[in-house]
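Scroll down for the structure; my scribbles are underneath it.
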Number of protein chains: 4
Amino acid sequence: MTGRSGRVRSETARVAILQATARIFGSRGYDHLTIEGVAAEAGVGKQTIYRWWHSKGELVADALLEGLLLPEPLLPPDTGDLRADLTTWLRDVFGLLQRPGGDDLVRSLAAAAAENADVGRRIRDSLGATSELAARLRTGVEAGQLPPGVAIEDFGDVLVGAVVLRALARTETDEAAAERLVSVVLGGAPQR
Amino acid sequence: MTGRSGRVRSETARVAILQATARIFGSRGYDHLTIEGVAAEAGVGKQTIYRWWHSKGELVADALLEGLLLPEPLLPPDTGDLRADLTTWLRDVFGLLQRPGGDDLVRSLAAAAAENADVGRRIRDSLGATSELAARLRTGVEAGQLPPGVAIEDFGDVLVGAVVLRALARTETDEAAAERLVSVVLGGAPQR
Amino acid sequence: MTGRSGRVRSETARVAILQATARIFGSRGYDHLTIEGVAAEAGVGKQTIYRWWHSKGELVADALLEGLLLPEPLLPPDTGDLRADLTTWLRDVFGLLQRPGGDDLVRSLAAAAAENADVGRRIRDSLGATSELAARLRTGVEAGQLPPGVAIEDFGDVLVGAVVLRALARTETDEAAAERLVSVVLGGAPQR
Amino acid sequence: MTGRSGRVRSETARVAILQATARIFGSRGYDHLTIEGVAAEAGVGKQTIYRWWHSKGELVADALLEGLLLPEPLLPPDTGDLRADLTTWLRDVFGLLQRPGGDDLVRSLAAAAAENADVGRRIRDSLGATSELAARLRTGVEAGQLPPGVAIEDFGDVLVGAVVLRALARTETDEAAAERLVSVVLGGAPQR
DNA sequence: CTCTAATCGAGACGGTACGTCGTGTCTTAGC
DNA sequence: GCTAAGACACGACGTACCGTCTCGATTAGAG
């Protein structure tokens, strides 16, 4: 079959590159992330990066896929009260954004997604049907808190989209905002 | 009194710069937009740009403000049936995205917003309380199609955020998706 | 006793490498000659080159030694008239230089010699005491056309040096120049 | 006439670049001379070099033209004895070659000349009809020590060519060699 | 007839330098 | 005082080669 030969790809280098990417992405943001910087930080030749990734977008997408960019996903609680649980989740998300660099992270991801289709798709994947949020929504449907035909993916999109938009637009993200957003999707007026 | 004197700012140059910005932004996207490119395209010295704008973000923000970047805003119809009207509006928006370069435009705006706070805020402004969508929602409240306490701004955010997220994630945007999204915010199952 | 064993050096590879070297040297010159290029052209791994040669200078020196770089050496005639014979020889040499790539070849050799001592020495060897020119000069001494104590090697150096210098300086090399050069070393004025 | 405008070329930068070139050329030789190195040494952007010179060859040619590369030209004495004077001159030249880096300098110039036509021509110019050597030869013709029709330029070429060839070939350059070379061009046997 | 060790092709690796592009600042001359 | 033009120091780009280092796969003696 194929005449495979030659030295094998170095796992050490691969990992060093992705970690360096994550480190720089986290500290300086997507648009101060440079291939040269990653190479230097990882102690690697530039060509070793270009051999395996075609752009810094792909690099970020891969780091994202390895879970090096995002903090642990937030678990929405399941108290039986869907409205309360979603509000709690959203409040936690907003809490992340308010931590120093939290909104920068989201904006950097948006910039990366804008430039690179892979990043976009992978962000979506990690938020989509397989996410913690979607799981909670599904139990909501089973418990009759949501109508049976509801589109769970779109439900999630709507919440996450609102979060992203607020990060891009630098809208304030306080607790009341969390409640208002939940009210928009669950109907009714905000509690407070 | 004050030593006011000297040549006055050239309106010709200002307009040429913003139009060049819009032209390049539209055809090559935000990250191929360069100050040098704009200067050349506008037949202007670079310094003339730097004197009045501090970054390409501001440039884009200004072009946006002048309405040079976006097509005419979409008017949601007012047939009395809010669900149908919102679905129509969303379908029209998706139509824009499906035109060649339509989703690139949204992604470019996201990239610009990620990099520059002004762009973010201005995008939000043009979509916010003063937008056509907000107006239609307000008539919905008056007509009793929406509960009186609903947060109109957040309602809009949620829809627009979903659109932006779909553009970033390259999610398909067909008619059924429009209906599903409307159902998420208005409750109930999609019609079809 | 000694652990002699293992695969023996491949003559095929050796020859392919030297021929590839000669081919590239001839067509692209010394400074576009790269080890990677030679390896590719010869269908050989780079390591196989580095195992047997330490630099591209040595490579060229070896190709030179195998006679792969230079055309057949020019024979000075022996008509009994030394001045005429030397002029003929020099005219032939100039003829080589005027062929397309002829002066490039000499300049490439100079560049190689400048960088690598071996090349320099080998060029000298092939032009020195063992050369055709030296042989003709020796018969000139025997025939009394040159004084008995004359330094034959230096005599050759002087002529070859003038040729190299003209190639480096891009001086024109016409027939009259050949006669003038011969006059310089043999004394008297040029014939024409 | 032409609409000249824009900032004027910086003489400071020009001089710094040529001096850095000379410094590096002298200490590390032509093939360790890099544009990046010159830029760094001169405290200048690379583009400033590329704007005015097309290759490192041109750079060296210019530095040569400014007299930054070569030591003061050697004056042949004029004692009335042409043979003695030429021998003295050649001995001095060989003395330069024997100083540390002296032959490297000549070889570097040869390499530069091989790569760049300008360098070649300028070396020739500075050694040619206008040189000190040519002047001494001319007085030799006037004094009847050389035949009237002798080609002075070629006479010089022959001597200089021999020197260059010896540098390239790493031939030893002792005093006896100087005498032998002079004998070749002046006829007769070396004195000693 | 196996074992062993040097060679082969291939090709990834950490580097250096290339020549280009864009940044933001500065210096001209012209209006 | 603003403008078009354009040079400047700087930083990053993506590419080409360098010389070194694995990798299987051959391929000869030595046992």
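These numbers were taken from a predicted model, which means no experiment stands behind them. In what follows, chains are A, B, ... by sequence order, proteins preceding strands, each numbered from 1.
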For the pair made of [atom1] in [X] and [atom2] in [N], what is the distance, rounded to whole Å?
| X | N | atom1 | atom2 | result |
| --- | --- | --- | --- | --- |
| C/Glu41 | F/dC17 | CD | P | 13 Å |
| D/Asp31 | E/dT16 | CG | C1' | 14 Å |
| C/Lys56 | F/dG19 | NZ | P | 9 Å |
| C/Glu58 | F/dC18 | CD | C1' | 16 Å |
| B/Ile24 | E/dG22 | CD1 | P | 10 Å |
| C/Ile17 | E/dA10 | CD1 | P | 12 Å |
| A/Ile49 | E/dG15 | CD1 | P | 12 Å |

| message | Using only modelled atom types and a 3.5 angstrom limit, is any donor from either the side chain of A/Ser5 or the base of E/dG9 paired with an acceptor on the other? | response |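 Indeed, a donor on one side and an acceptor on the other fall under 3.5 Å apart.
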| task | Please identify each residue that fulfils side chain to side chain donor-acceptor pair (under 3.5 Å) with C/His54, with sequence neighbours left out. | result |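 Result, side chain to side chain donor-acceptor pair (under 3.5 Å) vs C/His54: C/Glu58.
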| request: Summarise how protein sits on nucleotides 7-12 of chain F as a single string, 5' to 3': B when a protein heavy atom is under 4.0 Å from the base, S for sugar-phosphate-only contact, - for no contact. | output: BBSB-S
| Sequence neighbours excluded, which residues qualify as side-chain contact (heavy atoms from CB on, under 4.5 Å) partners of C/Thr12? | C/Ser10
| query | Listed by chain and number, what are the side-chain contact (heavy atoms from CB on, under 4.5 Å) partners of C/Ser108, not counting sequence neighbours? | reply | C/Phe25, C/Tyr30
For a quick test of your reading: what N or O donor-acceptor pairs under 3.5 Å do the side chains of residues 40-51 of chain C make, sequence neighbours left out?
unit_1, atom_1, unit_2, atom_2, d
C/Glu41, OE2, C/Arg23, NE, 2.8
C/Glu41, OE2, C/Arg23, NH2, 3.3
C/Lys46, NZ, C/Glu36, OE2, 3.0

| Among all residues two or more places apart in sequence or in another chain, which pass the salt bridge (charged side-chain N to carboxylate O under 4.0 Å, His left out) test with D/Arg122? |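 If we apply the salt bridge (charged side-chain N to carboxylate O under 4.0 Å, His left out) test to D/Arg122, skipping adjacent residues, the hits are D/Asp62, D/Asp118.
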| request: Map B/His54 and D/His54 onto DNA chain E by nearest heavy atom, then report which one ends up closer to the 5' terminus. | output: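 This one resolves to D/His54.
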| said: Looking at D/Trp52, I'd like to know if the NZ or CZ of D/Arg9 sits under 6.0 Å from its six-membered ring centre while staying within 45 degrees of the ring's axis. | reply: yes
